[in-house]
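Note that the structure is predicted; figures quoted are calculated from it, not measured.
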Amino acid sequence: MFQHDLLKGRAIFLTGGGTGLGRSMALRFAELGARMFLVGRREQPLRETCEEILRFGGAAAFTTCDVRDYAAVETAVAQAEQQFGAINALVNNAAGNFIARTEKLSPNAFNSVVGIVLNGSFHCTQALGKRWIAQKLGGNVLNIVTTYAAANCGSAFVVPSACAKAGVLAMTTSLAVEWAKYHIRLNAIAPGPFPTEGAWSRLMPSKQFEEDSKAKHPLKRFGRHEELANLAAFLLSDMAEYINGECVVIDGAQWLRGAGEFNDLMLLPESAWETMEAARQKKS
Ligand code: HXC
Ligand code: NAP
């Protein structure tokens, strides 16, 4: 569908690029000619993703960075510029999430997720945005949200994530207008379920829940990483110049069937929650 050099000449700063969907996007964008700068907290997965890109002849570099820390984000952006010159696009993909009964959350649990998702996305967007404005460069931001980020939706049992992703969506639409005059575009993708170790280990309480989710899905399957990576590549490319402030849902119509991806956890018995909470306490 795409020309092989669709993203040639682009330098893309991508958060959470060592694992899951971030990794898949990084590999795909690099295949399409982009130079990738990846950040995340752990060095190992970032290094492995970069090595894979370099192996097929692409360009990639990384630094460790906790996006909750604005100074660390500034340093990472400066390193990215040193590596590749001006950065053209940002993908806010890093996230934290888990299922929990909201009345049991500690303030730190709430802050931890909101810090990564909302503050982290703001930090990266502002750090790059202010450079693009000062240098009259233009730019492109793609935010990975969720279907339950939509107004009047939300989802039970993932309240910190729902609050934070709704905030990211509000930032996307607000800045799409505010920064259009600087030729900075902002869009979002709202994925349905895409199997990743990070999401599955924290959000799927059992194999049974996973099977039930698939059985209830209109297409009877979860998303494939290349489906999301291709959509992201399109939105970042010049083919999508006039798309600004949009959120594209890619979920096979899952949320139209029943909004709030984790609302069905209402069916989990009290005892299942108690078992999960006890297991976590034992680990910590
Ligand atoms: C209740 C929890 C918890 C849980 C952690 N906490 N896990 N509370 N239930 N399952 C609490 C801790 O007790 C602590 O509070 C606080 O949260 C911070 O936890 P830490 O482990 O100290 O924090 P940190 O190491 O910064 O880890 C952040 C994290 C972790 C968000 C908690 O899960 C993480 O690193 N996640 C990154 C990757 C990720 O989540 N990927 C999934 C994205 S999927 P106290 O008070 O004890 O200090 C996604 C898709 C949604 O977003 C849709 C899918 C279909
Ligand atoms: P994932 O593999 O766990 O990805 C999350 C990434 O964020 C990890 O690479 C993680 O790396 C990084 N990260 C977490 N906290 C960070 C921090 N403080 N600073 C910097 N990086 C941090 O999960 P995923 O499923 O691929 O999720 C990717 C994106 O898709 C997320 O925005 C998620 O909300 C969204 N999404 C996923 C699904 C799905 O079904 N998979 C559905 C809807 C939306 P470190 O731990 O090394 O920092």
Checklist entry - Going by atom types only, do T172 and N143 share a side-chain donor-acceptor pair under 3.5 Å? => result yes
Checklist entry - Side-chain contact, heavy-atom cut-off 4.5 Å: L137 with R131? => result no
Checklist entry - When you measure from the side chain of N263 to the backbone N and O of A259, does any donor-acceptor pair fall under 3.5 Å? => result yes
Checklist entry - Is there a path of hydrophobic side-chain contacts, each under 4.5 Å between heavy atoms of I, L, V, M, F, W or Y residues, that connects L90 with M36? => result no
Checklist entry - Considering all heavy atoms of both residues, which atom of R68 and which atom of H123 are nearest to each other, and what is their separation? => result O-CE1, 3.1 Å
Checklist entry - Is there side-chain contact between P193 and W200, with at least one heavy-atom pair below 4.5 Å? => result yes
Checklist entry - Could you give the distance from CG (L27) to CD (E226), rounded to the nearest 0.5 Å? => result 12.0 Å
Checklist entry - So which pairs with a foot in residues 1-24 pass side chain to side chain donor-acceptor pair (under 3.5 Å), sequence neighbours left out? => result R10-D238, R23-E52, S24-H225
Checklist entry - Is there a path from V145 to L142 through hydrophobic residues (I, L, V, M, F, W, Y) whose side chains come within less than 4.5 Å of each other? => result no
Next on the checklist: So which atom in S155 and which in G260 form the shortest heavy-atom distance, rounded to 0.1 Å?
Outcome noted: OG-C, 3.7 Å
Item to check | Side-chain touch I99/M276, heavy atoms, less than 4.5 angstrom | outcome: yes
Checklist entry - What's the shortest heavy-atom distance between L46 and T63, and which atoms? => result CD1-O, 3.7 Å
Next on the checklist: Taking CZ in F84 as the centre, count heavy atoms belonging to other residues, nucleotides or ligands within less than 6.0 Å. Is the count above 12?
Outcome noted: yes
Item to check | From CA spacing to verdict: side chain to side chain contact (heavy atoms under 4.5 Å, CB included), L186, T125 | outcome: CA-CA 10 Å; L186 292 97; T125 305; 4.2 Å; yes
Checklist entry - Is a salt bridge present between R221 and E227, judged by a nitrogen-to-oxygen distance below 4.0 Å? => result yes
Checklist entry - Would you find more than 12 non-hydrogen atoms of other residues, nucleotides or ligands less than 6.0 Å from E197 atom CD? => result no
Checklist entry - In Å and rounded to the nearest 0.5 Å, what is the CG to CD1 distance from N140 to I12? => result 8.0 Å
Checklist entry - Has the side chain of R35 got a donor or acceptor atom that lies under 3.5 Å from a matching backbone atom of G9? => result yes
Next on the checklist: Between C124 and V67, is the side chain to side chain contact (heavy atoms under 4.5 Å, CB included) condition met? List the steps.
Outcome noted: CA-CA 7 Å; C124 297; V67 294; 3.9 Å; yes
Item to check | Check ion pair K130-E74 (N to O, under 4.0 angstrom) | outcome: yes
Next on the checklist: Please check: side-chain N/O of T173 versus main-chain N/O of A170, any donor-acceptor pairing under 3.5 Å?
Outcome noted: yes
Next on the checklist: In the structure I gave you, are the side-chain heavy atoms of M25 and I144 within less than 4.5 Å of one another anywhere?
Outcome noted: yes
Checklist entry - With a 3.5 Å cut-off and no angle check, do the side chains of E48 and Q44 form a donor-acceptor pair? => result yes
Item to check | Gap separating the OG atom of S237 from the CZ atom of F2, nearest 0.5 angstrom | outcome: 6.5 Å
Next on the checklist: For F56, I'd like to know if atom CZ has over 12 heavy atoms of other residues, nucleotides or ligands within 6.0 Å.
Outcome noted: yes
Item to check | Approximate separation, where rounding is to 0.5 Å, of E211 CD and K216 NZ | outcome: 12.0 Å
Item to check | W273-M266 co-clustered via ILVMFWY side chain contacts under 4.5 Å | outcome: yes
Next on the checklist: Between N187 and V248, is there a side-chain heavy-atom distance shorter than 4.5 Å?
Outcome noted: no
Checklist entry - Near K220 NZ, under 6.0 Å, is it more than 12 heavy atoms from other residues, nucleotides or ligands? => result yes
Checklist entry - Do you know the tightest heavy-atom contact between L268 and A272? => result CD2-CB, 4.1 Å
Checklist entry - Parallel, tilted or perpendicular for F262 and Y148, by the 30°/60° rule? => result perpendicular
Checklist entry - Do E210 and K207 meet the salt-bridge criterion of a basic N to acidic O distance under 4.0 Å? => result yes
Checklist entry - Nearest heavy-atom pair of A233 and L7: which atoms, and what distance? => result O-CD2, 4.1 Å
Item to check | Note, F37 side chain near E81 side chain (heavy atom, < 4.5 Å) | outcome: no
Next on the checklist: Quick check for you: to the nearest 0.5 Å, what is the distance between L231 atom CG and I250 atom CD1?
Outcome noted: 5.0 Å
Checklist entry - When rounded to the nearest 0.5 angstrom, what is the spacing between CD in Q126 and CG in L175? => result 9.5 Å
Checklist entry - Run the side chain to side chain contact (heavy atoms under 4.5 Å, CB included) check on H183 and W132 step by step: do they pass? => result CA-CA 9 Å; H183 303 286; W132 292 334; over 6 Å; no
Item to check | Steps toward side chain to side chain contact (heavy atoms under 4.5 Å, CB included) verdict (T49, F62) | outcome: CA-CA 9 Å; T49 306; F62 72 91; over 6 Å; no
Checklist entry - At their closest point, which heavy atom of F194 faces which heavy atom of L21, and how far apart are they? => result CB-CD2, 3.9 Å
Item to check | Over 12 foreign heavy atoms within 6.0 Å of CH2, W179 | outcome: yes
Checklist entry - Does the side chain of S161 reach to within under 4.5 Å of the side chain of V117, using non-hydrogen atoms? => result no
Item to check | Check against salt bridge (Lys or Arg N to Asp or Glu O under 4.0 Å), E31 and R28 | outcome: CA-CA 5 Å; E31 217 172 67; R28 183 67 178 128; 2.6 Å; yes
